[in-house]
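Note that the structure is a prediction, hence the values are computed from the model and not measured. As the structure lists them, so they are numbered: ligands from 1, and atoms in each ligand from 1.
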Amino acid sequence: MNTANIVGNDRIPAIEGRELQVLDPATDELVATVPDSGPEETRRAIDAAASAFEQWRLVPPSERAEVLLTFADALKTDRERLASILTREQGKPLAESRAEIDYAASFLPVAAEAGVEILEERVDIPGKDVRVLQRPVGVTAAITPWNFPIAMLAKKTAPAMAAGCVQVIKPAEQTPLSGIAFVELGLEAGIPPGVLNVVTGTPGPIGDALLADSRVRKISFTGSTEVGRHLMRGGAENLLRLSLELGGHAPMIVFEDADLDRAIEVAMKAKFRNAGQTCISPNRFLVHHRLHDAFVERLADAASNLVSGRGDRDGVDLGPLIDDVAVAKVFDHIDDALARGAEIASGGGRRNPPGLTDRFPEPTVLLNTGPGMRCWHEETFGPVCPVRSFTDDEEAIELANRSDHGLAGYAVTDDPVRIERIARDLQAGIIGVNDGAPAVASVPFGGIRHSGFGREGGRWGVLEHLETITVSRIP
Ligand code: NAD
């Protein structure tokens, strides 16, 4: 695979010849090297994007939509190859990688349709002809994380292109190959050169170059709250538009009326995808005291039965965590919880599959957890389930909202009053009621509070890439 940067029509290495290694997190084998680019390569990518914008913005939305649909077909046709690249550099089981490619592809038709429906409106003012138009914001940048390297990119790229914008993409340094392969395929499918560009490398210099260039009008970022703040500060000078999809700390409330089978199904689905390295994964399980013991027993049992191993092996449920820092954080959180009075219901150790790295923590269920423990405030981003029992709905909602984050939240209940209460009061941008996978391409996705702002998905994602312009004419 050609791993050079994609800049307009060209494939360019890092100008100073520096490279970054991409390692397989399951084995530490070298998968590839990619350019360790800096400000100059970033500037060239912005040049290519700015020049492509002058044509792309004038392409009728219906023609842009055709290109997006062709790209979606290409992703589905090439799913196996992309899934194996994704699993190799990221670690997740192949079945999850395949599902990620399908999820990524699903953003393209949704954005294509929303792009075609961008309407010009008229406002009725006596004596005037007033039109309200939507224009693409221009050159944008996408900065994506390693946990869903293709899906997070498609979420940004599809609405940007549908709106008539162009993009400079900086994939996460752990998983650049997926981003390169995604864009390569898009260009083969007919996206004009320069509409999507990829620059790989250590993040600081590339990010700073994007922030400093006044031609970049918007950055869509998915990643940590800390880097989101950095981009917001750095974007102030150019009054940059931002969409910040930041960290989460999702609560899952199992109400008194919950069906236990369903509660376990939702918990397993939401928690263990990508070995818990998912921003909308539940970080706190609040369980009504009457269901608590049975819930814990069954969750511990189901979690213990998950199989760890290389993502490309059949029957594997949990791949490795992305790196040693991620593993250390998981054990820090477990140790901290135990030191503050929590108990282990299952797991707590390492799996160490033979011949692989030691990045396979056991799926772990912790009892008697609560505020004051690190796992209650920081994203663990691993296969750890902190559980706490509650006695009434007030207490559950109060505990659920005790977080600065507000990305996702879950509830298991069929009680209409509880469902309305959750919809009204739970501090989260995405709420799953009996639904462990609430994120689909046609609905808005994004957080509130320290989980950021801006929405991806559906027409909401496209609207984020448009400027609203008023043209007032006196006839
Ligand atoms: P991170 O913030 O360290 O990295 C995310 C991206 O930002 C990477 O591409 C990285 O290279 C880049 N980056 C880092 N420093 C930068 C800088 N100074 N300037 C510009 N770019 C910079 O996050 P991570 O630890 O790699 O990813 C996990 C985080 O992402 C978690 O907090 C998770 O919750 C969050 N996440 C959020 C969503 C969402 O939709 N809200 C989805 C997935 C992941």
| Residue pairs passing the side-chain hydrogen bond (donor to acceptor under 3.5 Å, both in side chains) test where at least one lies in residues 86-97, sequence neighbours excluded | Asp24-Arg88, Glu29-Arg88, Thr87-Ser97, Glu89-Ser178, Gln90-Asn274, Lys92-Glu100

| Aromatic rings Trp146 and Phe381: how do their planes relate, parallel, tilted or perpendicular, breaks at 30° and 60°? | perpendicular

| request: Fit a plane to each ring of His249 and His405, take the angle between them on a 0 to 90° scale, and name the class: parallel (under 30°), tilted (30 to 60°) or perpendicular (over 60°). | output: parallel

Where does ligand 1 get N/O contacts under 3.5 Å from the protein, atom by atom?
unit_1: ligand 1; atom_1: 2 (O); unit_2: Ser224; atom_2: N; d: 2.8
unit_1: ligand 1; atom_1: 2 (O); unit_2: Ser224; atom_2: OG; d: 2.6
unit_1: ligand 1; atom_1: 9 (O); unit_2: Thr144; atom_2: O; d: 2.6
unit_1: ligand 1; atom_1: 9 (O); unit_2: Lys170; atom_2: NZ; d: 3.1
unit_1: ligand 1; atom_1: 11 (O); unit_2: Lys170; atom_2: NZ; d: 2.9
unit_1: ligand 1; atom_1: 11 (O); unit_2: Glu173; atom_2: OE1; d: 2.6
unit_1: ligand 1; atom_1: 23 (O); unit_2: Ser224; atom_2: N; d: 3.4
unit_1: ligand 1; atom_1: 26 (O); unit_2: Trp146; atom_2: NE1; d: 2.7
unit_1: ligand 1; atom_1: 30 (O); unit_2: Gly223; atom_2: O; d: 3.4
unit_1: ligand 1; atom_1: 32 (O); unit_2: Glu379; atom_2: OE1; d: 2.7
unit_1: ligand 1; atom_1: 34 (O); unit_2: Glu379; atom_2: OE1; d: 3.1
unit_1: ligand 1; atom_1: 34 (O); unit_2: Glu379; atom_2: OE2; d: 2.6
unit_1: ligand 1; atom_1: 41 (N); unit_2: Glu245; atom_2: O; d: 3.3
unit_1: ligand 1; atom_1: 41 (N); unit_2: Leu246; atom_2: N; d: 3.3
unit_1: ligand 1; atom_1: 41 (N); unit_2: Leu246; atom_2: O; d: 2.8

| Sequence neighbours excluded - ring-ring contact (aromatic ring centres under 6.0 Å, His included) pairs with any residue from residues 205-246 | none

Throw together a table of side-chain donor-acceptor distances under 3.5 angstrom for residues 459-466, partners on residues two or more places apart or in other chains.
unit_1: Glu464; atom_1: OE1; unit_2: Ser243; atom_2: OG; d: 3.0
unit_1: Glu464; atom_1: OE2; unit_2: Arg455; atom_2: N; d: 3.0
unit_1: His465; atom_1: ND1; unit_2: Gly461; atom_2: O; d: 2.9

| message | Measuring centre to centre across the rings, with the benzene-like ring taken for any Trp, is Tyr410 within less than 6.0 Å of Phe285? | response | no

